[in-house]
Amino acid sequence: MDIPFLDLKAVNHEYADELKAACARVIDSGWYIGGTELARFEAAFAEYCGVPFAIGTGNGLDALVLVLRAWKEQGKLKAGDEVIVPANTFIATVSAVTETGLMPVLVDIDPATHNLDCAAVEAAITPNTRVLLPVHLYGQLAPMPQLMALAARHELLVLEDCAQAHGAQLDGRKAGHWGHAAAFSFYPGKNLGALGDGGAVVTSDEALARLVRALGNYGSSVKYQHDYPGVNSRLDEIQAAMLSVKLSHLDADAERRRQVAERYLSAVSNPLIGLPTITERAAHVWHLFVVECAERDALKEHLAQRGIQTAIHYPLPIPAHAPYQTLKLSPAMEAAGLHERILSLPIYPTLSAEAQNRIVAALNEFTMEHKAPHG
Ligand SMILES: *Cc1c(COP(=O)(O)O)cnc(C)c1O
């Protein structure tokens, strides 16, 4: 039997009874947008992240966009201001910036963690830089103590992209608890996944929280009074109810992901395969387990032949995409060649011990001879 890269059906099946009961509760309530399910989830998620405010949004991209738009409304940002983003991230991090009329500046990553490199961030700061937008890639925090210190020194705003890092920690502080605001995605494949689209902004800034909520609700805080040019980006009652169920299992799920990661880290001993690096004092939540291999395509094919599905996050650098061609990415940057070497292995709470054994064995069997077509 093939091992899928991610078996969402199995992941959600574990909580099927609770999810169905929550769904029935919403159906029977007769209230589908902006009700008690949303309020309950927002309160629980804010508490989980250790911040006072959480605001549900339609998705993770909107969560990023709404914070940037709110800062513009507050006069903290203006069109053309520079936002530092990691050169290796999902496209949404960059499109949130361009969508808001701001200028993304791609900054290099640390080759060990693939997260933002602090020295490169410092070198990229110009008089036009206004925001740092670190991504906690793969489920591990970016170097937040150093980035917050840099931000304080240069009077920059910090927006954390936490789409891959629900519950991840550094020095005992969770993702979402570091910056001036943070954006989460609850896309089904994320560690805290809804059964549809969803997202949230978390912050300790009450004025920002109010503004984000208004902007995502047609610029309105009072029904039919529109103070800002807003959009419609809300987390609906059904998804909020699904997320309350999933949140109650999130830490246990993260522990099971960690066990899979530990198995890979201790059992994969093939010198052709580079294993991920864990930052000191970090609690990694393993959204992705990304290995590096000079013969990545051959490795991917080798695993596929053994029924093991893998993925690539991400197969092309940002400037390779037509709308972002003008963004600069020097070939000397670590991020420039990364997409050719990386491979994401299956990692999720329900991945069986037997599947893990097959994956480890296949990885350890891989040799360079697989390169030759008839070798
Ligand atoms: C998934 C993801 C997003 C966007 O989330 P959506 O809910 O799909 O809009 C943003 N940033 C990163 C790093 C992501 O992985």
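Ligands are counted one by one from 1 in listed order, and the atoms in each one are counted from 1 as well.
Residue-level proximity to ligand 1 for Asp161 is carried by the side chain, the only part with a heavy atom below 4.0 angstrom.
Close approach of ligand 1 to Val135 is summarised as follows: ligand atoms under 4.0 Å from at least one heavy atom of the residue are 13 (C). Atoms of ligand 1 lying under 4.0 Å from at least one heavy atom of Gln164, given by number and element, are 13 (C), 15 (O). Close approach of ligand 1 to Ala163 is summarised as follows: ligand atoms under 4.0 Å from at least one heavy atom of the residue are 2 (C), 3 (C), 10 (C), 11 (N), 12 (C), 14 (C), 15 (O).
Here Asp81 pairs with Lys78 in a salt bridge; the nearest charged N to carboxylate O distance falls below 4.0 Å.
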**Request:** Start with the C-alpha gap between Thr57 and Asp62, add the side-chain angles, then the distance that decides, and say whether side-chain hydrogen bond (donor to acceptor under 3.5 Å, both in side chains) holds.
**Result:** CA-CA 7 Å; Thr57 61; Asp62 285 357; over 6 Å; no
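If you check which protein heavy atom lies closest to atom 9 (O) of ligand 1, you get Leu61 N, 2.9 Å. Scanning the protein for heavy atoms near atom 4 (C) of ligand 1, the closest one is Ala92 CB, 3.7 Å.
The six-membered or imidazole ring of His166 lies near that of Phe184, with a centre-to-centre distance under 6.0 Å. Aromatic ring centres of His287 and Tyr138 lie farther apart than the 6.0 Å criterion allows. Taking the six-membered ring for Trp and the full ring otherwise, the centers of Phe186 and Phe45 sit less than 6.0 Å from each other. In this structure, Phe90 has its ring center no closer than 6.0 Å to that of His321.
Heavy atoms of Lys190 come nearer than 4.0 angstrom to ligand 1 in at least one pair.
Under the 3.5 Å distance criterion, with hydrogens and angles disregarded, no donor-acceptor pair is assigned to the side chains of His284 and Gln169.
Taking only nitrogen or oxygen atoms, main chain and side chain alike, Thr89 does not reach within less than 3.5 Å of ligand 1. Taking any N or O of Gly60, backbone or side chain, at least one lies under 3.5 Å from an N or O belonging to ligand 1.
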